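Numbers restart at 1 for each chain; the letters A, B, ... are given by sequence-line order, proteins then strands. Quick caveat, the model's predicted, so the values are computed rather than measured.
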Amino acid sequence: MQFEIIYQGLELLVYGMGTVVLFLALLILTTMLMSRVIQRYFPEPQVEIVAAPAAPAQAPSAAVIDDEQLVAVITAAIHQHRKGQ
Amino acid sequence: MQFEIIYQGLELLVYGMGTVVLFLALLILTTMLMSRVIQRYFPEPQVEIVAAPAAPAQAPSAAVIDDEQLVAVITAAIHQHRKGQ
Amino acid sequence: MQFEIIYQGLELLVYGMGTVVLFLALLILTTMLMSRVIQRYFPEPQVEIVAAPAAPAQAPSAAVIDDEQLVAVITAAIHQHRKGQ
Amino acid sequence: MENLMTLWGSSGLAQMEVGQGIMILIGLLLLFLAIRKGFEPLLLLPIGFGGILANIPGAGLAYSALENALHQGDAVLLAEIASYLGVSAGSGIESLMKAFYSAAPTAQLAVESVVSAAGYSDGMLHSFYTVAIASGVAPLVIFMGVGAMTDFGPLLANPKTLFLGAAAQFGIFATVIGAVGLTAIGWMDFSIADAAAIGIIGGADGPTAIYVSSVLAPDLLGAIAVAAYSYMALVPLIQPPIMRALTTKRERAIEMTQLRAVSKREKVVFPLLLLILVALLLPAAAPLLGMFCFGNLMKECGVVERLSDTVQNSLINITTIFLGLSVGSKLVADKFLDSSTLGILGLGIVAFAIGTASGVLMAKLMNLLSRVPLNPLIGSAGVSAVPMAARVSNKVGLEANPHNFLLMHAMGPNVAGVIGSAVAAGVMISLVGS
Amino acid sequence: MENLMTLWGSSGLAQMEVGQGIMILIGLLLLFLAIRKGFEPLLLLPIGFGGILANIPGAGLAYSALENALHQGDAVLLAEIASYLGVSAGSGIESLMKAFYSAAPTAQLAVESVVSAAGYSDGMLHSFYTVAIASGVAPLVIFMGVGAMTDFGPLLANPKTLFLGAAAQFGIFATVIGAVGLTAIGWMDFSIADAAAIGIIGGADGPTAIYVSSVLAPDLLGAIAVAAYSYMALVPLIQPPIMRALTTKRERAIEMTQLRAVSKREKVVFPLLLLILVALLLPAAAPLLGMFCFGNLMKECGVVERLSDTVQNSLINITTIFLGLSVGSKLVADKFLDSSTLGILGLGIVAFAIGTASGVLMAKLMNLLSRVPLNPLIGSAGVSAVPMAARVSNKVGLEANPHNFLLMHAMGPNVAGVIGSAVAAGVMISLVGS
Amino acid sequence: MENLMTLWGSSGLAQMEVGQGIMILIGLLLLFLAIRKGFEPLLLLPIGFGGILANIPGAGLAYSALENALHQGDAVLLAEIASYLGVSAGSGIESLMKAFYSAAPTAQLAVESVVSAAGYSDGMLHSFYTVAIASGVAPLVIFMGVGAMTDFGPLLANPKTLFLGAAAQFGIFATVIGAVGLTAIGWMDFSIADAAAIGIIGGADGPTAIYVSSVLAPDLLGAIAVAAYSYMALVPLIQPPIMRALTTKRERAIEMTQLRAVSKREKVVFPLLLLILVALLLPAAAPLLGMFCFGNLMKECGVVERLSDTVQNSLINITTIFLGLSVGSKLVADKFLDSSTLGILGLGIVAFAIGTASGVLMAKLMNLLSRVPLNPLIGSAGVSAVPMAARVSNKVGLEANPHNFLLMHAMGPNVAGVIGSAVAAGVMISLVGS
Ligand code: NA
Ligand code: NA
Ligand code: NA
């Protein structure tokens with residue numbers, strides 16, 4: 001009985017972790033393919049730079065905190081840093 | 001059986017369309033009466049011009065699209081047109 | 001039967017009113033105690049004056065009416081009145 | 001031709017009963033009072049409109065599926081229903097409904113199945129009522145919103161005004177005596193639960209009144225809600241004469257000392273303190289006061305502003321609409337047009353008057369016992385009816401002394417009255433309920 | 001190893017049926033139309049997404065607990081269910097479901113208990129559908145919101161345009177004839193209730209179409225809603241050729257006299273007037289038109305602005321999301337991929353065309369009988385599809401005469417069309433419903 | 001006198017049990033953490049408040065009608081209930097409840113009817129729980145809102161960071177092993193379903209944890225939700241030591257290349273791509289990830305802004321309030337005060353730690369295999385806890401190299417972690433559920 005549940009747990013570990021990794025690997029592949037197709041065949045005239053001005057994903061854990069100020073500070077710092085180089 | 005359902009359909013057409021027309025005719029009559037009573041016995045000091053500046057009924061089909069710009073353009077055009085005459 | 005219900009009503013009066021008064025009396029005591037403890041041991045640097053600028057409890061009966069203007073007028077009046085003294 | 005008869009037979013005119021016509025007029029009157037006279041429009045507009053909808057002949061919007069079947073079904077259907085309930089089909093709708101409520105659960109299930117198969121379903125307003133009021137949820141959500149809109153600052157600055165909020169609840173219990181008295185002399189026929197629900201009108205607090213009557217006297221809910229909101233709107237007419245009659249001009253001119261500053265921390269702790277007291281002493285008041293304190297804590301704690309905003313706006317507005325329409329469903333003619341409604345309207349105004357008087361007299365008593373001067377006019381604000389009653393205190397005070405600004409002083413007893421009537425509601429539910 | 005089989009067996013690829021694949025593509029097509037072509041995106045986006053979710057193989061999101069048990073349960077479970085229903089376990093899902101619906105209530109209860117004990121529960125979209133549409137509440141709330149966004153000013157300034165709104169409903173009833181005709185010649189197999197629900201597509205009003213089909217033909221609801229919203233989006237393509245074909249250039253160039261001023265008071269009284277007429281004559285239309293009038297009264301009365309704002313924003317938005325997803329649940333392959341869907345799509349566009357033509361012809365007829373000039377182009381706006389159809393009238397009018405601004409004139413018949421199709425819906429429910 | 005005893009007997013003090021007192025203190029502690037320490041206040045404030053309400057003695061707010069009857073009913077009522085269930089009345093509440101759940105549906109119906117006739121009804125929090133969580137709807141709606149607030153830009157610019165989000169889910173499964181291990185050695189008594197629900201705490205995603213435990217282990221839901229949100233708030237304390245221990249200063253100072261521009265079109269297609277993959281491979285994750293993708297599509301498509309706004313504001317706020325209160329209902333003393341709660345709290349923090357470590361180590365592994373430099377600090381963000389974990393990565397990175405801005409780079413694995421734990425949730429429900 002005791003080994004039974006440990007066995008079940010190990011099974012869950014193997015199949016669960018396996019599925020997560022496989023699924024996300026497939027997602028990586030299809031996402032890269034999708035991006036390439038769109039960039040080549042359906043390019044957009046105007047693009048947006050992700051690294052700096054885009055606001056980060058806000059609050060998926062329902063904790064909505066304003067990151068914009070932080071981003072603004074960081075962006076400014078990066079610019080200054082680059083200028084300095 | 002086949003004629004039965006056609007007969008039912010025709011009935012629906014006659015009674016349905018009849019009710020719609022009768023009901024809206026009654027609504028016209030009572031609305032005109034209501035408007036006349038209000039205009040005569042309960043006039044309001046300030047009135048609003050419907051034709052031009054009032055925004056149109058927005059989006060009863062849940063498709064909310066901003067008509068104000070369109071109305072503004074039209075209003076301007078009407079004014080210019082009238083001035084020109 | 002008739003006296004029965006009157007008796008029940010009187011009981012409700014005595015116990016009901018008694019509970020209300022006792023409960024609110026206890027609330028007064030604990031509130032005063034709480035305020036004293038906070039004022040002595042956990043004072044706040046910045047305080048707010050309740051009498052004048054604080055907006056009154058708005059609309060607990062779901063009738064939300066803007067009291068701020070009224071309060072502003074009253075506050076101004078009080079200030080003028082005090083200045084005049 | 002048969003269709004023409006169906007259409008005419010299903011039209012309102014052909015089925016209209018006198019009572020329904022009267023109720024539609026009463027609904028229009030409520031709309032008039034709400035729109036033109038500004039009588040608590042947020043509630044009386046939906047209530048009035050719901051009342052009209054509930055009385056549209058043949059639409060059955062306020063009836064359950066079974067009631068609709070009993071009103072509109074043919075003889076065969078009625079006979080089948082009656083056979084399941086073990087009564088005669090000709091014994092009238094009311095006795096069939098009673099038989100249904102006391103039937104065995106499997107018989108109820110069978111009847112519901114038959115009714116549904118015959119194409120009858122719950123009316124729109126009946127569904128709203130079931131979800132919003134019978135479940136108790138709408139008044140509680142409103143109370144949470146009220147909590148999120150209440151500022152306990154003035155009360156915290158002068159906690160003794162809680163006594164004024166307590167005294168004004170005497171109107172509630174005096175009215176209970178009135179209701180049982182009318183029953184004892186045979187003019188009315190109220191149970192003790194009915195009397196308690198009627199008394200709560202004197203609490204001058206809409207959601208509390210609806211909550212209590214949904215538990216103790218659902219059949220009287222329509223009349224009680226209409227009375228509560230109407231009289232709350234009439235506070236500026238009802239209170240001043242009583243206030244003037246019970247005070248001297250000198251008393252009315254008393255100026256009160258400025259309220260002390262109240263810290264944020266006190267405001268955060270107060271709803272928790274109230275909650276703990278309720279938990280220890282009066283669990284029956286826990287739903288109402290618990291939600292009230294929760295709303296107030298969300299407002300004062302400062303870390304969940306987005307929740308507090310939603311509670312004060314979209315959530316309370318959505319709930320108000322469905323609460324109002326649901327109350328309207330109880331204005332259906334065969335429930336509302338009853339001598340008891342007149343009794344309720346009469347007792348309700350007595351409750352307001354006694355509550356007002358008790359508050360004023362308590363303030364005078366407190367003046368005898370304490371050196372800190374108290375203007376007795378703020379006593380009347382203890383009935384709640386926030387913020388109307390506090391404004392009335394202020395206005396009557398200004399008449400006597402143009403330098404006398406009682407508004408903030410009256411807000412203390414005013415919000416105390418909300419707590420007081422919720423406590424009274426708890427006592428009644430725990431003593432009379434079930 | 002067994003787990004690997006469980007995982008693979010529970011994957012979508014292993015369970016995918018052709019129909020589900022097709023429906024997922026159709027869902028993606030609806031999303032494309034909504035996002036790239038701007039086809040009524042507020043509804044078609046949730047409907048399309050819901051359609052994809054409904055067809056995820058093995059997820060059973062659109063099925064009830066019982067349907068999920070019948071699709072995925074093992075032989076033992078099916079045998080147990082079948083024994084309660086008194087049929088053979090091998091008789092197929094459809095006949096088991098039919099047996100369930102006609103079973104005695106205690107047998108239904110027993111089946112539900114078995115299904116729940118076996119771990120099956122209602123799919124997410126099925127729950128949404130039950131709460132939002134089967135109860136009737138979502139279309140009614142949308143209609144309240146539509147009422148709160150409607151301005152009856154242009155209609156009040158020229159009430160005769162109500163006739164145009166009446167005439168355009170001819171498309172509804174002509175389509176009913178078409179549907180019963182297709183049945184009579186054996187191409188389709190619609191009941192009279194189905195035909196009525198299909199006809200209502202011609203009303204060019206989404207919530208009305210969903211409400212009527214939820215009552216009269218729930219199985220066709222998916223196709224009807226998709227047709228209604230798609231054709232509403234296609235109004236700028238469907239209407240102009242018909243309008244041009246039925247009018248001369250001279251008629252299209254007619255300039256209309258400016259609309260008179262309408263007082264606030266008339267706007268407040270109008271929804272009440274409409275409500276009273278509905279109450280007296282057509283109780284079956286009371287839910288739809290009652291909520292519509294309630295919304296409009298909240299907007300116009302001016303004393304409950306916070307309620308009106310919420311109705312026009314958060315409440316209608318929340319309801320739209322769940323309404324759309326719920327409609328999507330009816331795009332499940334085994335219900336949608338049916339020859340009847342093609343029939344519905346075909347009949348729907350005929351309904352729009354006939355409605356448009358009827359409106360234009362009625363305007364021409366009215367021109368013959370009255371001296372006040374009426375541009376026949378505003379007749380087509382009578383189908384509703386607010387405000388798209390009114391804009392089409394304006395645009396076609398400008399082509400013929402660049403000084404001809406018909407927008408406000410077309411808004412009258414446009415909102416009249418909403419009332420007209422709600423009236424038609426009431427008639428159909430009262431004549432055909434059960 | 002009898003009334004006085006009724007009142008005192010119904011007071012909280014007279015009925016208070018030690019466990020309830022402790023739970024009220026725990027509720028106050030949660031409020032303190034939420035308000036003063038800023039621990040996920042949007043959830044922990046309602047949860048803590050709900051926990052206090054649930055433990056008010058005698059109020060029974062967290063109990064069903066039957067539980068309330070069993071706790072407060074007299075001997076006669078208990079005997080009647082027990083006779084329907086075929087057990088002895090003295091066998092204790094717990095065994096009576098078990099007998100009820102395994103009773104025949106007609107017996108259940110009879111018991112419910114008796115309980116309701118005796119005046120007992122579902123407690124307020126029990127009703128909230130039934131509607132919001134037992135139905136599964138509240139976590140799904142929250143997930144839709146989260147989707148509408150998520151920007152996949154950083155992830156699309158560097159999709160390989162999805163591997164980090166995958167690796168960090170190892171914490172989930174390692175914790176499952178821990179839970180079954182504790183059971184095997186006899187310290188705890190978790191079933192495999194319990195273990196799976198506990199493991200999901202390591203997903204660092206509140207709604208996912210609540211959704212999974214509502215399906216797999218409703219009795220543990222309170223402890224699991226409290227652990228999940230508490231540890232999410234503690235991420236800035238839990239993660240940095242682990243991150244520093246597993247990396248060299250040099251690794252922490254690695255600067256990453258700027259992210260490429262991502263087009264609007266990619267952002268619109270991505271949620272659809274994810275949805276299709278889910279549909280084909282993992283239907284059990286379809287409710288969670290379907291709603292997530294729906295929210296994200298509404299945000300990115302740009303044509304339904306009013307829906308997206310409502311989803312991100314009033315809808316998610318309303319849902320959060322009732323979700324929190326509902327979770328609080330599971331903090332009722334006799335369910336929460338159990339040795340298993342301590343086990344859950346302990347296992348939960350282990351899950352967080354292992355997830356953090358796995359993410360960092362995976363980043364180091366990827367650095368070995370690829371030329372593009374990857375700062376291993378962003379690996380810890382793979383646990384999700386958006387956006388807290390990404391900020392922690394940024395902060396620790398800045399300590400090592402003041403020119404090193406990792407925030408946007410860490411957002412990729414951060415949102416990948418949300419997808420990863422939803423996938424893990426799907427696997428668990430499909431392997432362990434029912
Ligand atoms: Na009160
Ligand atoms: Na129409
Ligand atoms: Na995660």
Checking B:Met17 against chain E: side chain, backbone, both or neither under 4.5 Å from a heavy atom?
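Both parts, backbone and side chain.
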Given a strict heavy-atom distance threshold of 4.5 Å, which part of B:Leu10 is in contact with chain E: side chain, backbone, both, or neither?
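Looking at B:Leu10, backbone and side chain both touch chain E.
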Take the angle between the ring planes of E:Phe292 and E:Phe143 and call it parallel below 30°, perpendicular above 60°, tilted in between.
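Tilted, since the angle between the ring planes falls between 30° and 60°.
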Using a cut-off of under 4.5 Å on heavy-atom pairs, state which of B:Val37, B:Val21, B:Thr30 scores highest against chain E.
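If we count pairs closer than 4.5 Å to chain E, B:Thr30 comes out on top.
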E:Met408, E:Met411, E:Lys299 screened by side chain to side chain contact (heavy atoms under 4.5 Å, CB included) with E:Asp151, the one that passes:
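Output: one option passes, namely E:Lys299.
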Whether over 12 other heavy atoms sit under 6.0 Å from E:Phe170 CZ:
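Not more than 12 within 6.0 Å, no.
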For E:Ser393 versus E:Ala410, what's the shortest heavy-atom pair and its separation?
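That closest heavy-atom pairing would be CB-CB, 3.9 Å.
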Contact origin within [X] toward chain B - heavy atom pairs under 4.5 Å:
| X | result |
| --- | --- |
| E:Ala424 | both |
| E:Ala167 | backbone |
| E:Ile192 | both |
| E:Ser191 | backbone |

With a 4.5 Å cut-off on heavy-atom pairs, point out which of E:Leu273, E:Leu274, E:Leu398 contacts chain B the most.
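The answer is E:Leu273.
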For E:Thr208, all residues meeting side chain to side chain donor-acceptor pair (under 3.5 Å), sequence neighbours excluded:
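For E:Thr208, the residues satisfying side chain to side chain donor-acceptor pair (under 3.5 Å) (neighbours in sequence not counted) are E:Asp205.
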Under the 3.5 angstrom rule, does the side chain of E:Arg265 hit a backbone N or O of B:Ile38 as a donor-acceptor pair?
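Side chain of E:Arg265 to backbone of B:Ile38: no pair is present.
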